[in-house]
Asker: 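Pasting a structure below so you can have a look.
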Amino acid sequence: MFKATGHHNAYFPLFIPMSFLAKEAEHVEGFAKEVAVVTHTRLKATGKSGSGAVAPDPASALEEPLIIRPTSETIIYAMFAKWIQSYRDLPLLLNQWANVVRWEMRTRLFLRTTEFLWQEGHTAHATDADAEREARMILGLYRKFAEEWMAMPVLTGVKTDSEKFAGALRTYAFEALMQDNKALQAGTSHHLGQNFSKAFEVKYQTAAGGLDFVWNTSWGVSTRLIGGLIMTHSDDNGLIAPPQLAPVQVAIVPIWKSDEEKTQVSGVGSQVKDELARAGIRVELDLRESMKPGAKYFDWEAKGVPLRLEIGPRDIAAGQATAARRTGGKAPMKLDGIAAAARIALSEIQEALLATARERRERHSIRGATKAQFLEFMTGGGGFAYGGFCGRATCEAEIKEATAATIRVLPDAEFRSPEPPATCMWCGAKSVAEAVWAQAY
RNA sequence: CGGGGUGUGGCGCAGCCCGGUAGCGCGCCUGGUUUGGGACCAGGAGGCCGCGGGUUCAAAUCCCGCCGCCCCGACCA
């Protein structure tokens, strides 16, 4: 799905000369407070004991410190400047899988870790419109992945200036609502305009013979999505993995008392396993001894396996397995043609997860609320609140101060309310756009 | 960086006030009996009680210092 878009994988250095970051004014400001800096190239024994036994060797201080990439725009566009000569070199479409470091004051497992893994796409285009199309196309792709693979419904839209990426012209984002009614920014796609190309002198010769700066985009999703997946679907019994992404889609639990039964159910279980595997289903047969079937059920449930097939002597006698869905419910499944039946069940579970998550989100969304209703909503559990926005940063700041809610996105047309709001939900002035507020991670 | 809490077998915790043999549950190992929704019995392994110093005949326990982690605030994908 991602590879079909014509981007090529590439890799750029983890260490970036500090001066690179300084070239784009907004970008520096945005990241200055969270960048890890490498100042020395080696340690030296101090003669002390314990953790103080080594210290940076003063003699090895770098003339220019290196920073550890918080994102790679600067180093990649420094290279783009060398690689791009002509409009024939455009568009240049790269993607890199990398770790990045952002030294946050407070971390949160999966959602905000000091180091995280992500993919970051970086593209250069000849025109504003081409870059816009790219940023939009990627946003659509992310949405498709979130909904079709993760079964995580999302809102797409554009960020306000206060929430946009440092150095971007515009930031598009997709946002999901977690089960605690807090929003999660699941990924972003930036139209960078010519901000970086001007800073790094990424110029190209046009067909007409002139020189122009390229138009860039960058976009990424990270290991944060794993947190989103967990927080979207899990319940009190543990993880629920959507079938499309589940490492194990089907767990087969054989049930036996005597040795003869064990031989029989293991044999049938093994056949079922092979049949499912041949059909491309990721399946495991749980032959662990000394663990009772009930314990195995709980074990696989906690791991989020979407479908469990129980096979005991009574099932075999009836020519069936007992299929238990992680989303609830047990029903017999005929052994004859079981791969096809399992496939259908998995796809139904996938759909059910998306539908459940979407219903939950809508149940915790309000539209066209008055200021008083908005305040009550945000203090009483929260969720997505749609309303008119005057466009003023002061209103945004006041709302954040009062409720901790921020504008997650100015939603795309398909998510907007049928009646466009006329006035700002907060100050009552003329509305310039509909906004979606929520308390966020 | 401020305020609060907490560090004790792999995990979760009790013990600390009032100093005196390091304990419980889960997990792990061995044997046996079990096995259609978290099995039971018996035996066993595993701990510089966060680190450093002090008080004391004696410190998990009291005192001082440091470090880690968690929660709350400012910052953020």
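Chain letters run A, B, ... following the sequence lines, proteins first and then strands; every chain starts at 1.
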Asker: Give a yes/no verdict on base stacking between B/G37 and A/Tyr297: centres under 5.5 Å, planes within less than 30° of parallel.
Answerer: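 Answer is no, no stack.
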Asker: Taking only the C1' atom of each, what is the distance from B/C75 to B/G37 in whole angstrom?
Answerer: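 Per the computed distance, 47 Å lies between those C1' atoms.
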Asker: Do A/His7 and A/Glu134 have side-chain atoms, one donor and one acceptor, less than 3.5 Å apart?
Answerer: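 Side chains of A/His7 and A/Glu134: pair found under 3.5 Å.
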Asker: Considering only heavy atoms and no angle criterion, is a donor-acceptor pair shorter than 3.5 Å present between the side chain of A/Asp299 and the base of B/G38?
Answerer: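 In this structure, the two groups form no donor-acceptor pair.
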Asker: Centroid-to-centroid, A/His122 to A/Phe80, below 6.0 Å?
Answerer: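 Aromatic pair excluded; centres sit 6.0 Å or further apart.
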Asker: Measure all distances between protein nitrogen or oxygen atoms and nitrogen or oxygen atoms of nucleotides 66-72 of chain B, and list the pairs falling under 3.5 Å.
Answerer:
from	atom 1	to	atom 2	distance (Å)
B/C72	OP2	A/Arg106	NH2	2.6

Asker: Any salt bridge between A/Glu115 and A/Arg102, counting N to O under 4.0 Å?
Answerer: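 So A/Glu115 does not pair with A/Arg102 through a salt bridge.
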Asker: Please check if any side-chain donor atom of A/Glu104 sits under 3.5 Å from a side-chain acceptor atom of A/Thr114, or the reverse.
Answerer: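 Side chains of A/Glu104 and A/Thr114: no pair found under 3.5 Å.
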Asker: With the threshold set at 4.0 Å, does a side-chain nitrogen-carboxylate oxygen contact exist between A/Lys296 and A/Asp299?
Answerer: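 Judged by the 4.0 Å cut-off on N to carboxylate O distance, A/Lys296 and A/Asp299 do not form a salt bridge.
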Asker: Would you please name every residue forming a side chain to side chain donor-acceptor pair (under 3.5 Å) with A/Glu289, sequence neighbours left out?
Answerer: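 Partners of A/Glu289 by the side chain to side chain donor-acceptor pair (under 3.5 Å) criterion, ordered by chain and then number, come out as A/Lys262.
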Asker: Just checking, A/Arg308 and A/Tyr297: is the charged tip under 6.0 Å from the six-membered ring centre and within 45° of the axis?
Answerer: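 Yes, cation above the ring, under 6.0 Å and within 45°.
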Asker: Measure the spacing between CZ of A/Arg282 and CG of A/Leu276 and express it to the nearest 0.5 Å.
Answerer: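 Spacing of CZ (A/Arg282) from CG (A/Leu276) equals 12.5 Å.
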Asker: Between A/Thr322 and A/Ala440, which is nearer to the 5' end of RNA chain B once each is assigned its nearest nucleotide?
Answerer: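 Looking at the nearest nucleotide for each, A/Thr322 comes out on the 5' side.
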Asker: Return the residues of residues 227-261 of chain A meeting this criterion: a heavy atom under 4.0 Å from some atom of RNA chain B. Order them by number, or give none.
Answerer: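 Heavy-atom contacts with RNA chain B come from A/Ile255, A/Trp256, A/Lys257.
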Asker: Donor-acceptor pairs under 3.5 angstrom involving side-chain atoms of residues 145-154 of chain A: please list them, not counting sequence neighbours.
Answerer:
from	atom 1	to	atom 2	distance (Å)
A/Glu147	OE1	A/Arg143	NE	3.4
A/Glu147	OE2	A/Arg143	NE	3.4
A/Glu147	OE2	A/Val154	N	3.3
A/Glu148	OE1	A/Lys144	NZ	3.4
A/Glu148	OE2	A/Lys144	NZ	3.3

Asker: Reckon A/Glu120 touches a base, only the sugar-phosphate, or nothing at all at heavy-atom distances under 4.0 Å?
Answerer: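 Nothing: the residue A/Glu120, judged by heavy atoms under 4.0 Å, touches no strand.
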Asker: Could you tell me which residues satisfy ring pair (Phe, Tyr, Trp, His ring centres under 6.0 Å) with A/His364, sequence neighbours excluded, listed by chain and number?
Answerer: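 Counting only residues at least two positions away or on another chain, A/His364 forms no ring pair (Phe, Tyr, Trp, His ring centres under 6.0 Å).
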Asker: What interatomic distance, in whole Å, is found between C1' of B/U6 and the corresponding atom of B/C49?
Answerer: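 Per the computed distance, 14 Å lies between those C1' atoms.
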Asker: Using a 4.0 Å heavy-atom cut-off across all strands, classify A/Arg308 as base, sugar-phosphate, or nothing.
Answerer: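 It contacts base atoms.
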Asker: Would you measure the distance from the C1' atom in B/A22 across to the matching atom in B/C16 and give it in whole Å?
Answerer: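 Looking at atom C1' only, B/A22 and B/C16 are 13 Å apart.
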Asker: Paired with B/U56: which nucleotide, if any, by Watson-Crick or G-U wobble criteria at under 3.5 Å for both distances?
Answerer: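 Matched B/U56 with nothing under the 3.5 Å cut-off.
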Asker: So if I take residues 153-166 of chain A and measure heavy-atom distances to RNA chain B, which residues fall below 4.0 Å?
Answerer: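 Within this stretch, nothing sits under 4.0 Å of the strand.
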Asker: Find which nucleotide of RNA chain B each of A/Glu301 and A/Glu175 is nearest to by heavy atoms, and output the residue with the more 5' nucleotide.
Answerer: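 Its nearest nucleotide lies further toward 5', so the answer is A/Glu301.
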Asker: Given the structure, check if the side chain of A/Lys330 and the base of B/G37 hold any donor-acceptor pair shorter than 3.5 Å.
Answerer: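 Yes, a donor-acceptor pair under 3.5 Å.
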Asker: B/G73 pairs with which nucleotide, Watson-Crick or G-U wobble, both distances below 3.5 Å?
Answerer: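 Check on B/G73: paired to B/C1, both distances under 3.5 Å.
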Asker: If we take the P atom in both B/A60 and B/G9, what is their distance in whole Å?
Answerer: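 After rounding to an integer number of Å, I get 14 Å for this pair.
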Asker: When we call it a touch if two heavy atoms are under 4.0 Å apart, what does A/Gln185 touch: a base, just sugar-phosphate, or nothing?
Answerer: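 A/Gln185: backbone/sugar contact only, no base atoms under 4.0 Å.
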Asker: May I ask which nucleotide in the shown strands pairs with B/C66, Watson-Crick or G-U wobble, both distances under 3.5 Å?
Answerer: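 Pairing partner: B/G50.
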Asker: Find out whether the Lys NZ or Arg CZ of A/Lys198 is both under 6.0 angstrom from the six-membered ring centre of A/Phe196 and within 45° of the ring's axis.
Answerer: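 Judged by the rule (NZ or CZ under 6.0 Å from the ring centre, within 45° of its axis), A/Lys198 is not positioned above A/Phe196.
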Asker: Given the side-chain rings of A/Trp437 and A/Phe374, with only the six-membered ring counted for Trp, is the space between their centroids under 6.0 Å?
Answerer: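 Yes - the distance between ring centres of A/Trp437 and A/Phe374 falls below the 6.0 Å cut-off.
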